[in-house]
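To start, the structure under review is shown below, and the notes come after it.
Convention: sequence-line order gives letters A, B, ...; per-chain numbering from 1. Heavy atoms only: backbone and side chains are in, while hydrogens, waters and symmetry mates are out.
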Amino acid sequence: MSLDILTVNNLDGGYEVFIGNRRVFVHAVDDVSLTLHDNEVLGVAGESGCGKSTLAKMVYGGIIPPLVVRSGSISLVTRGGEVLEMNKLDIDTIRRKIWWIEISYIPQNSMNVLNPLKRIKDQFIGVFKYHNIEMDKNEIIKYLKDTLTTLSLPPEVINAYPHQLSGGMRQRVVIALSLLFNPRIVLADEPTTAVDVVTQRVILSLLKEWRENNKSSFILISHDMSVHAYMDNRIAIMYAGNIVELGNTFDVFREPLHPYTKALIESLIRKGDKSIRKGLAGQPPDLINPPPGCRFHPRCPYAINICRAKEPPTTSLDKDRYVRCWLYANPR
Amino acid sequence: MIEDKNWLKIENVTKLYGYGLLGLKKFKALDNISLNIDLGKPRIAVIAGETGSGKTTLLRIIMGVVKPDIGKVLYKGYDIHKLKGSASKWYRKEVQPIFQDPYEAFNPLRRIDTYFYDTTRNICGIKNRNEAIYRIDEALRFVGLSLDRISGKYPHEFSGGELQRISIARALLTSPRILLADEPVSMLDATLRVGILNILKDLKEKLNMIIIYVTHDLSTAYYIGDDISIIYRGTLVEHGPISKVYQEPRHPYTNALLNSILEPDPSLREKYPAIKPSSLELKEFLIMGCRYANRCPRAKEICWHTLPPYVDVDGVSVRCWKYLDYKIDYSS
Ligand SMILES: Nc1ncnc2c1ncn2[C@@H]1O[C@H](COP(=O)(O)OP(=O)(O)O)[C@@H](O)[C@H]1O
Ligand SMILES: Nc1ncnc2c1ncn2[C@@H]1O[C@H](COP(=O)(O)OP(=O)(O)O)[C@@H](O)[C@H]1O
Ligand SMILES: [Mg+2]
Ligand SMILES: [Mg+2]
């Protein structure tokens with residue numbers, strides 16, 4: 001039995017924003033339940049605007065307005081075996097005990113988070129200071145060079161300023177930074193979306209190697225199903241704030257159940273394929289005012305009457321495989 | 001010259017950029033690039049290479065907004081960097097660009113339709129409002145939209161995929177001969193890419209246009225392309241019909257680009273060959289010989305200090321010392 005190190009139960013939240021002077025709620029995460037096992041990669045897939053990044057922010061505990069969590073819980077089992085209810089902790093405790101050490105976060109578009117006025121080594125030293133870690137400067141530099149080599153970065157990078165590095169190189173630096181204290185969980189939000197295919201391959205294979213050596217777990221967010229096919233042990237498909245399907249990666253790719261999962265896989269242009277394809281028409285709904293029933297029904301080729309009227313239940317198929325679609329709901 | 005009337009000729013173009021503290025030292029962002037495009041043959045010519053290869057610089061030189069330090073670009077026999085007044089306006093109608101980031105292409109505070117009215121009035125010289133409306137609607141319909149759909153709206157009211165369609169429609173207003181498409185799908189969700197690429201294909205097939213498609217992703221290149229030029233750190237390393245290049249990549253770099261493509265199939269995971277990451281971009285630009293020597297699994301002494309000549313290998317022009325026993329291709 002694999003141990004669950006992170007459990008998300010019925011998490012619900014979004015953004016409270018104003019349109020003119022009308023207060024509205026962007027329901028970006030709607031009743032999400034997930035578990036993360038020890039030593040695994042759990043992927044979260046889905047198009048832009050489906051709530052993936054919002055889910056990541058909520059799990060990380062970096063909740064700042066207009067983001068609000070309305071209900072649900074997140075519990076984390078630390079390295080020391082302590083069980084923490086993340087949403088009951090104050091931000092100082094989260095910062096001190098969890099961030100970087102238990103959970104590291106690589107935010108979307110992170111290649112631009114480096115401070116332009118500081119050399120790479122000083123950015124890293126900043127993180128040591130933040131954690132009140134007493135270390136001799138030479139020791140830190142040696143440690144940094146080691147960390148940078150896990151991402152195959154040349155050691156001279158530590159003396160560079162961010163603008164002297166290419167985007168792909170900066171992305172690797174940010175990732176190296178996130179791995180600095182060997183976190184147990186890495187939350188990676190689209191870590192390779194802004195880089196070219198070659199850099200993507202390099203980054204993903206280095207991350208894979210690091211994870212296998214450290215037996216850490218990843219929550220890997222990406223809109224690109226090929227990235228999930230390469231990296232994940234299990235994959236969750238998110239649409240309009242809901243997890244619509246979850247399962248072992250091999251099972252999901254062999255037999256995608258939800259029509260949305262099928263569409264995500266089929267819309268990809270494959271290597272060596274010139275046959276004309278059709279993408280997935282339309283786009284995810286506005287989460288201020290999502291469609292009734294199944295949120296995918298306006299784009300779904302299989303939609304029937306009930307899909308337009310009632311939200312589908314979650315149907316469990318096997319252990320660790322479920323789908324949220326009327327086509328698979330048990331008749332009752 | 002009569003024969004020049006039907007060509008876009010890029011002749012021995014070299015572009016130098018400064019580096020170092022004061023930018024006094026120079027590197028060759030493009031090194032002696034020559035390419036000829038027959039204006040009589042509708043086609044999709046692909047320029048491929050990873051980030052930092054000089055692709056955008058080359059497109060900007062073709063657009064006329066960046067001047068080469070050596071060499072020239074001839075369009076129908078005219079040196080486009082010497083055009084003035086009405087001739088320069090004519091060239092701007094003939095060659096239209098679309099960019100990588102659809103959100104950056106439009107001012108967020110400006111209504112989308114005003115871009116269209118401006119282009120018809122100022123660049124196409126259409127003064128009659130009804131005629132302008134007709135032209136605009138026609139262009140938008142070609143990309144699956146309509147004037148009604150965009151009227152009165154601002155950029156944030158559209159998805160990335162829609163904005164990219166809107167960019168293409170605007171480019172079509174001037175009835176250009178050539179569309180320069182700089183990584184038009186790399187910022188889009190995988191589900192939206194096919195739709196845009198199908199439009200580029202339609203431009204070629206239905207409007208007989210020539211598209212120069214820039215990308216780092218050879219699977220999209222293969223999907224729509226006719227021929228391909230692979231560039232690495234400013235040098236052209238392989239050029240030929242895409243089917244040949246794809247089936248049997250000659251240059252080791254082309255091979256790396258192909259091997260970087262991830263596929264939506266988890267059973268292939270263990271089968272991807274290893275790829276060496278790039279080191280500092282500038283270091284590679286400054287290599288005297290083959291710029292890829294640093295990453296090439298088969299690099300020999302000569303690769304480091306002498307740039308190989310072009311060699312014709314079964315109808316594909318390639319620049320790699322491993323083909324030295326083939327005859328040298330003086331035509332390139
Ligand atoms: N700061 C914010 N304020 C208001 N709405 C937001 C904010 N950030 C994201 N959203 C909205 O929340 C929804 C989900 O966004 P996000 O979590 O970023 O999705 P994804 O990561 O899947 O692309 C979208 O409709 C987005 O427009
Ligand atoms: N205006 C400029 N000044 C100095 N260097 C530049 C300038 N524009 C681009 N470069 C450099 O030239 C190289 C090629 O850039 P670019 O043409 O944008 O490549 P690509 O589009 O293939 O990513 C990069 O190293 C880039 O940093
Ligand atoms: Mg996101
Ligand atoms: Mg570019």
### Interface moiety of B:Tyr222 toward chain A, non-hydrogen atoms closer than 4.5 Å
both
### Task
Go through the steps to decide whether B:Glu284 and B:Lys276 satisfy the test salt bridge (Lys or Arg N to Asp or Glu O under 4.0 Å), and finish with yes or no.
CA-CA 13 Å; B:Glu284 293 174 350; B:Lys276 192 169 177 208; over 6 Å; no
### Query
Looking at B:Thr220, B:Leu280, B:Asp265, which has the largest count of heavy-atom pairs under 4.5 Å with chain A?
B:Leu280
### Message
Is there a side-chain contact between B:Leu257 and B:Pro249 in this structure, where contact means two heavy atoms from C-beta onward sitting under 4.5 Å apart?
### Response
no
### Task
Measure distances from B:Tyr272 to the heavy atoms of chain A and classify the residue's part below 4.5 Å as side chain, backbone, both or neither.
both
### CD/B:Glu157: more than 12 non-hydrogen atoms of other groups inside 6.0 Å
yes
### Query
Looking just at side-chain N and O atoms, do B:Tyr253 and B:Glu50 make a donor-acceptor pair shorter than 3.5 Å?
yes
### Query
chain A: which of B:Arg269, B:Glu270, B:Lys201, B:Glu263 shares the most heavy-atom pairs with it under 4.5 Å?
B:Arg269
### Query
Given a strict heavy-atom distance threshold of 4.5 Å, which part of A:Glu47 is in contact with chain B: side chain, backbone, both, or neither?
both
### Task
Side chain from CB out, backbone as N, CA, C, O: work out which of these in B:Lys271 comes under 4.5 Å of a heavy atom of chain A, or both, or neither.
neither
### Task
For A:Lys274, look at atom NZ and say whether over 12 heavy atoms of other residues, nucleotides or ligands are found less than 6.0 Å away.
yes
### Task
Tell me, for A:Gln164 versus chain B, whether the close heavy atoms (under 4.5 Å) come from the side chain, the backbone, both or neither.
neither
### Query
With respect to chain B, which residue among A:Met225, A:Arg270, A:Glu266 yields the maximal number of heavy-atom pairs within a distance under 4.5 Å?
A:Arg270
### Contact origin within B:Glu183 toward chain A - heavy atom pairs under 4.5 Å
neither
### Query
Would A:Gln108 and A:Thr193 count as having a side-chain donor-acceptor pair, cut-off 3.5 Å?
no
### Heavy-atom side-chain contact between A:Cys294 and A:Tyr260 under 4.5 Å
no
### Query
Between A:Gly272, A:Pro284, A:Ser152, which shows the greatest number of heavy-atom pairs under 4.5 Å with chain B?
A:Gly272
### Contacting region of B:Leu282 [heavy-atom separation from chain A under 4.5 Å]
neither
### Query
If you count heavy-atom pairs under 4.5 Å between each of A:Val195, A:Asp273, A:Asp286 and chain B, which one has the most?
A:Asp273
### Query
Are B:Asn198 and B:Tyr223 close enough that a side-chain donor and a side-chain acceptor fall under 3.5 Å?
yes
